[in-house]
Amino acid sequence: MGALRGLRRHAAASACPFLAFAVLLALPGLAAGITRHYTFDVQMTNVTRLCATKSIPTVNGQFPGPRLVAREGDRLVVKVHNHINYNVSFHWHGIRQLRNGWADGPAYITQCPIQGGQSYVYDFTITGQRGTLWWHAHFSWLRVHLYGPLVILPKRAEGYPFPLPYKEFPIMFGEWFKADSEAVINQALQTGAGPNVSDAYTFNGLSGPTYNCSSKDTYKLKVQPGRTYMLRLINSALNNELFFGIANHTLTVVEADANYVKPFTSKTVVISPGQTMNVLLTTSSNPASRAFAMSIAPYTNTQGTFDNTTATAVLEYASTRPSSTQNLAMPALPRYNDTNAVANFSSNFRSLASAQYPARVPQAVDRHVLFTVGLGTDPCPSNQTCQGPNGTKFAASINNNSFVRPKTALLEAHYQSRYAGVLMANFPTTPPHPFNYTGTPPNKTFVAHGTRVVPLSFNTTVELVMQGTSIQGAESHPLHMHGFNFFVVGQGFGNYDPVNDPAKYNLIDPVERNTVSVPTAGWVAVRFLADNPGVWLMHCHFDVHLSWGLSMAWLVNDGPLPNQKMLPPPSDLPKC
């Protein structure tokens, strides 16, 4: 990879990756524009939760994994050594990876996975981004254990567009399975049924006192009275959107997906898998209690089973006496299917749209694309019995195309112009079989299959409307786009109306995100500029839906100028 200059930082050197780190803003070692080195040793580690011990994949023996901290403009060099029997790859969720899809991470899209006993170096520069992002495995369901925060501090001269908080804490929401999660999804794909659900939700890997044997596994956020803290919230759960609240406290949302937003207050936030959110918490000067519950619980409209439990952590005010996890004041979270609460919360997000942080939403559109997003079915093979709907197998699709994972990486095939037998550039950009998307579903629910992409010329402006469907039940779908942020210009319930709905778009200060939930029985419209050449995955961040094929890829061609073309692949790019 060439000689690398700068500070040597091994992630394993931090014994506790989740300590408060507001002090980092002032550290001279975090000057902008330096190279930061991390080493990821992927290994099996025994971890005990919910009365049982099991061996799980970890990075450097830590669960969750180590926190990466950088400053806008820094270069990150992460050397990954895979010591486990599974293939693995890592995605730096939300990093745009300008011209450098080789570091993006989704297996068989931008790279072949790192096989057991092999290594790969992710080498990328953080350009024009600051805030809370995260990293996670991007192979099968391994991200249930392989994840950690990625904190990008602003340039030293900039600071935050709000008062500097007293301290900052990353809080990652996750899921825990008693069973081997790889066996769970493999069994589901074999039988065609929905997979077994998780057994607990977690705060920074800890399940908390609402679960058996878990009082000692409780995350405690220790605070001082009358101070303002910034909580860097990350939903790393595998298959669930989550409500979050703190009893007797109000949160102020100031950032979403590493983009500043106009601040607004809320007692409860909802956060989808893949999304990040910075919130300010001002503690009471004279608290009525020493401790308050912080809780997460699911939001879903699925017709199937789901993990309908509540996980609790503790907001603990400073005192000489230890606090108890019993009889805590609990936050009043919405019901699990309260779609109106979700819609009301989502409607608050607006970009700052200031001179320093402008909202560069495309005003003119070159390509209009309509995607239907939802579930479907596959016929049961003649030699087996299937446990999906009416004896079929569950599937998922975009515009009725269920994505087929190729045997070689799409980005490598594109770079070499070697498309035959790998991909087809004919992904449908309108629904092939229009129907009443949020009404009575059609009789035929079988999906088509293929490794198809949507080709885009460099600098094309795209308006993408994602329409949820009611096939196998209407539910929301958190769609994540690699390689780009997009502006959420409109959303609503029912079927998208191409005549009347665009008149209601917000083209002044729409929120900028990398992950957005298609509303239950509704639609969302986004706009983006295809200014990043490469092949970029877009997929549902419910991993069960990703496993069923709810994904596609954009192929953005090179521009005419040298700085508009893909960089060449690194010499250590893994082989399939």
**OP:** Kindly assign one of parallel, tilted or perpendicular to the pair F63 and Y147, based on the angle between their ring planes and the thresholds 30° and 60°.
**Re:** perpendicular
task = Please check if any side-chain donor atom of E512 sits under 3.5 Å from a side-chain acceptor atom of N485, or the reverse.
result = yes
- What about the rings of Y299 and F345, do their centers lie closer together than 6.0 Å? no
Notebook entry, point to check: Side chains of T300 and N337: do they bring a donor and an acceptor to under 3.5 Å?
Noted result: no
Check your understanding: How are the rings of F203 and Y219 set to each other: parallel, tilted or perpendicular (split at 30° and 60°)?
Key -> parallel
Notebook entry, point to check: Quick one: does N399's side chain have a donor or acceptor within less than 3.5 Å of a partner on L370's backbone?
Noted result: yes
ask   = Are D366 and T460 linked by a side-chain donor-acceptor pair shorter than 3.5 Å?
value = no
Looking only at the side chains, is there a donor atom on one of S207 and S214 sitting less than 3.5 Å from an acceptor on the other?
yes
(Q) Just by distance, no angles: are the side chains of T309 and D307 close enough, under 3.5 Å, to form a donor-acceptor pair? (A) yes
- Any Lys/Arg nitrogen of E168 or R232 sitting under 4.0 Å from an Asp/Glu carboxylate oxygen of the other? yes
inquiry  = Would you call the rings of F90 and Y122 parallel, tilted or perpendicular, taking 30° and 60° as the class edges?
reply    = perpendicular
Specify whether W523 and Y496 have parallel, tilted or perpendicular ring planes, treating 30° as the upper limit for parallel and 60° as the lower limit for perpendicular.
perpendicular
> Taking 4.0 angstrom as the limit, do K504 and D501 come out as a salt bridge?
Replying inline: yes
With sequence neighbours left out, the residues meeting side chain to side chain donor-acceptor pair (under 3.5 Å) with S272 are E241, S517
Problem set entry | Salt bridge D531-R96, side-chain N to carboxylate O under 4.0 Å | yes
Verify whether one side chain among H539 and S551 offers a donor that lies under 3.5 Å from an acceptor in the other. no
Checklist line | CG/L507: more than 12 non-hydrogen atoms of other groups inside 6.0 Å | finding: yes
Could you tell me how the ring of F349 sits relative to the ring of F264: parallel (under 30°), tilted (30 to 60°) or perpendicular (over 60°)? perpendicular
